There are 2 protein chains.
Amino acid sequence: MNNKISTKKLAEVHELFKLLSNPTRIQMLVLLEDHPMNVGQISDELKIEQSAASHQLAMLKKHQLVSNVRDGKSIYYQLDDPHIMDIVNEGLAHSDHVVRGVKHGN
Amino acid sequence: MNNKISTKKLAEVHELFKLLSNPTRIQMLVLLEDHPMNVGQISDELKIEQSAASHQLAMLKKHQLVSNVRDGKSIYYQLDDPHIMDIVNEGLAHSDHVVRGVKHGN
DNA sequence: AATACATATGATATTATTTTCATATGATAT
DNA sequence: ATATCATATGAAAATAATATCATATGTATT
């Protein structure tokens, strides 16, 4: 009997999945899985405005999915929670199945 | 080098995490992890309107996270993808840590 | 076949998220 | 100290998600 989730835990998991439910933020996390990148590199790579990138990165940072460090003029972002990538990668694996049309037992 | 996600896969993972980024839907999945339930039972348990429950269940069904089967007047919903619950449970485990204030290495 | 019960559906209203734009801040170089 | 480059921030505008309400559909009961 696994049901009945505490309100706090529910709010927290809500926050987490909200963060993951945005294509830009997912792409950011996947990019950063390779190596830290600064804001300019990220917005270039994802072809989004500097400001939009900055807003999204701020959200990820606020909820401690990434951290940042300044190097001269630019600010480098990096992953700050390896566990999250397990979840992201499971999500991607699932999506891969769906896209390929692989069905599970009914 | 794990970056560069196909547009389709990105759209799909977006759909998936959107579905999971709603407290009501998470609770539904957790409830159904135990056993199938009909719409009335679900809306009672979660204290939401019949119509709201129905709308949310329709979304979960559309993306094949649940399936349903009629039994007389009522319609029973059940989980239709065990993998998803791995993701949900990882999310919940993470949230549990966050709520308890456990920090990961920085 | 009329009524009641369970669920679904469509339209609208409400609320939340995301983008955009303008501008601010902080660091470096001249 | 001024100019320039990189990033952040606030507010408004644009877009998306959710709840609500009214009603429709499908099944069972009389």
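For clarity, every value in this text was computed on a predicted model and none was experimentally measured. Residue numbers begin at 1 in each chain, while the letters A, B, ... track the order of the sequences.
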Integer-rounded Å distance: [N] [atom2] and [X] [atom1]:
{"X": "Gln56(A)", "N": "dT20(C)", "atom1": "CD", "atom2": "C1'", "answer": "13 Å"}
{"X": "Lys62(A)", "N": "dT9(D)", "atom1": "NZ", "atom2": "P", "answer": "12 Å"}
{"X": "Ile42(A)", "N": "dA8(D)", "atom1": "CD1", "atom2": "P", "answer": "9 Å"}
{"X": "Lys73(B)", "N": "dA24(D)", "atom1": "NZ", "atom2": "P", "answer": "20 Å"}
{"X": "Arg70(A)", "N": "dT25(C)", "atom1": "CZ", "atom2": "P", "answer": "14 Å"}
{"X": "Met59(B)", "N": "dG10(C)", "atom1": "CE", "atom2": "P", "answer": "13 Å"}
{"X": "Met28(A)", "N": "dT19(C)", "atom1": "CE", "atom2": "C1'", "answer": "13 Å"}
{"X": "Ile48(B)", "N": "dA19(D)", "atom1": "CD1", "atom2": "C1'", "answer": "10 Å"}

Presence of [X] side-chain N/O under 4.0 Å of [N] phosphate oxygens OP1/OP2:
{"X": "Gln41(A)", "N": "dA6(D)", "result": "no"}
{"X": "Asn22(B)", "N": "dA17(D)", "result": "no"}
{"X": "Tyr77(B)", "N": "dA8(C)", "result": "yes"}
{"X": "Asn38(A)", "N": "dT7(D)", "result": "yes"}

Next on the checklist: Pick the closest DNA chain C nucleotide for Ala52(B) and for Ser21(A) by heavy atoms, then say which residue is nearer the 5' end.
Outcome noted: Ala52(B)
Next on the checklist: Between His14(A) and Glu49(A), which residue's closest nucleotide on DNA chain C lies nearer the 5′ terminus?
Outcome noted: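 Comparing both residues, the 5'-ward one is His14(A).
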Next on the checklist: Check Glu12(B) with Lys9(B), please: is the shortest side-chain N to carboxylate O separation under 4.0 Å?
Outcome noted: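 Salt bridge flag = no for Glu12(B) with Lys9(B).
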Checklist entry - If you round to the nearest 0.5 Å, how far is NE2 of His83(A) from NE2 of His94(B)? => result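 Rounded to the nearest 0.5 Å, the NE2-NE2 separation comes to 9.0 Å.
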Checklist entry - So how far is it from Gln78(A) CD to Ser67(A) OG, rounded to the nearest 0.5 Å? => result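 The distance works out to 4.0 Å.
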Item to check | Any N/O donor-acceptor pair, Ser51(A) side-chain to dT9(D) base, under 3.5 Å | outcome: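 Flag set: donor-acceptor pair detected.
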Checklist entry - Ignoring hydrogens and angles, are the base of dA6(D) and the side chain of Gln50(A) linked by a donor-acceptor pair under 3.5 Å? => result no
Checklist entry - Are Val99(A) and Leu19(B) in one and the same hydrophobic cluster, where Ile, Leu, Val, Met, Phe, Trp and Tyr link if side-chain heavy atoms are under 4.5 Å apart? => result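 No; Leu19(B) is not reachable from Val99(A) via cluster members.
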Checklist entry - Mind checking whether Val98(A) and Val66(B) sit in one hydrophobic cluster, side chains of I, L, V, M, F, W, Y counted as touching below 4.5 Å? => result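 In one cluster: no.
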Checklist entry - Regarding Asp71(B) and Tyr76(B), is there a side-chain donor-to-acceptor distance under 3.5 Å anywhere? => result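 Result is no, nothing qualifies.
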Checklist entry - Under the criteria of a ring-centre distance below 5.5 Å and an interplanar angle below 30°, is His55(B) stacked with the base of dT9(C)? => result yes
Checklist entry - Applying a 3.5 Å limit to both distances, which nucleotide forms a Watson-Crick or G-U wobble pair with dA27(C)? => result dT4(D)
Checklist entry - If you check the Ile75(B) side chain, which of dC21(D), dA8(C), dA8(D) turns out closest? => result dA8(C)
Next on the checklist: Categorize Ser54(A) for me: base, sugar-phosphate, or nothing, with a 4.0 angstrom heavy-atom threshold over every strand shown.
Outcome noted: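 Touches a base.
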Next on the checklist: Need one value for Ser74(A): base, sugar-phosphate or nothing, where a base atom within 4.0 Å counts as base even if backbone is also close, heavy atoms only.
Outcome noted: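 The residue Ser74(A) makes sugar-phosphate contact but no base contact.
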